[in-house]
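What follows is a set of notes on a single structure, which appears directly below.
Lettering follows sequence order; numbering is per chain, from 1.
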Number of protein chains: 2
Amino acid sequence: MMKKSPAPEAVKAWGRLMRVSRQLVEKAEDALKAGGLPPLAWYDVLHELAEAGEGGLRPFELIDRVLLAQYNVSRLLARLEADGLVEKLPVSDDGRGQTVRITPAGREMRRRIWAVYGASIADLIGDKLSAKELEALAGLLGRLRDPPITE
Amino acid sequence: MMKKSPAPEAVKAWGRLMRVSRQLVEKAEDALKAGGLPPLAWYDVLHELAEAGEGGLRPFELIDRVLLAQYNVSRLLARLEADGLVEKLPVSDDGRGQTVRITPAGREMRRRIWAVYGASIADLIGDKLSAKELEALAGLLGRLRDPPITE
DNA sequence: TCCCTGTCGATGCAATTGCATCTATATAGA
DNA sequence: TCTATATAGATGCAATTGCATCGACAGGGA
């Protein structure tokens, strides 16, 4: 079995991607912490649930949207529920499952997190690249996604 | 105090960056795990130490290179030492500190990890973008770094 | 109907991480 | 010199994460 060697350009881009993404996440998380707000993962889940609307989402649907492991979603939802940010509803046609819906308090929390998170995004990347460059970046990253996005 | 709102292009690029980087890290880590190899962080440290050569590095120098918290470096080095991959030497002119040097076994481990890690890089990004595109990506990411790289 | 297999979501336990703090040494200033 | 402050690195403890598994229900086939 033959193992590939990556091109030098690939190694360089990989290194940058790893370092930059970690730096950015860390700074965004720090900003939230400084504001007494919960971690980014909370935002991601609240965001998805807010987009899903009144119908809510099944936990397993959340899993691939937010890219978290099943047990992490399970525990994160338990915390969100304990804080009154989401509610779990039994689902009629599947006795195993449940539907998770965002509450008004959850929407408010999402808004508060966004005030800080959005500002971080503006600071960390919005101010550093032009609109064209940001689109170019998004385009390149889209092709690395799984599944890839071919715009 | 006025909070900025990010441009839509910035939000889109941010979202892609977050999702793609997590996906890629996860896949690379999975490949290592499947090969019975230690996590990426081990590679990063062994790599820096290998580059540093016989002189080794002080733990605090490692901290900003690998972007890990001080306590994580401390514990990671303890594990690497327990596995015989690095050795800690007292440093003459500073009684608080130590110098960490990679051992032959450490170099060998680095080589083994790279066989898998490098192949992941080739698969995950080398095969998806051209050399020109990879350079463009690295260039854009470099400007997001702290400190930014202006090539 | 009764398995058998698959999926949904939760959880016990071990490993890892984060936070705060500690010890030891260095350095600067009175 | 003596004291105060800063830096290097380690570590106790709590919170989080990963892994494996579990219990409950669904769906299909005999």
Worksheet item: What's the closest nucleotide to the A/Asp94 side chain, out of D/dA26, C/dA26, C/dT17?
Response: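 Output: D/dA26.
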
Under 4.0 Å between a side-chain N/O of [X] and OP1 or OP2 of [N], yes or no?
X	N	result
B/Asn72	C/dG18	yes
A/Arg58	C/dG9	yes
B/Lys88	D/dG9	no
B/Arg79	C/dT17	yes
A/Ser74	C/dG9	no
A/Gln70	D/dG18	no
A/Lys33	C/dG18	no

Discussion item. Does atom CZ (A/Arg22) have a neighbourhood of more than 12 heavy atoms from anything else shown, all under 6.0 Å?
Written reply: yes

Worksheet item: Which whole-number value in Å describes the distance from A/Asp93 CG to D/dA24 C1'?
Response: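 Going from A/Asp93 (CG) to D/dA24 (C1'), I get 16 Å.
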
Practice prompt. Over 60° means perpendicular and under 30° means parallel, so classify the ring planes of B/Tyr43 and B/Trp114, tilted if in between.
Written response: parallel

Discussion item. Quick check: on DNA chain D, is the nucleotide nearest A/Tyr71 upstream (toward 5') of the one nearest A/Ser92, or the reverse? Name the residue that is more 5'.
Written reply: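 Between the two, 5'-proximity favours A/Tyr71.
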
Worksheet item: Would you say the side chain of B/Leu141 lies within less than 4.5 Å of the side chain of B/Leu17, judging by non-hydrogen atoms?
Response: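 Result yes, sub-4.5 Å side-chain heavy-atom pair found.
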
Worksheet item: Would you call A/Thr99 and A/Arg58 a side-chain contact if the rule is heavy atoms closer than 4.5 Å?
Response: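 They are in contact (side-chain heavy atoms under 4.5 Å apart), so the answer is yes.
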
Discussion item. If you assign each of A/Leu77 and B/Arg96 to its closest nucleotide in DNA chain C, which residue comes earlier from the 5' end?
Written reply: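 Nearest-nucleotide comparison on DNA chain C picks A/Leu77.
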
Worksheet item: Starting at the 5' end of DNA chain C, which residue's closest nucleotide do you reach first, A/Thr99 or A/Arg75?
Response: A/Thr99

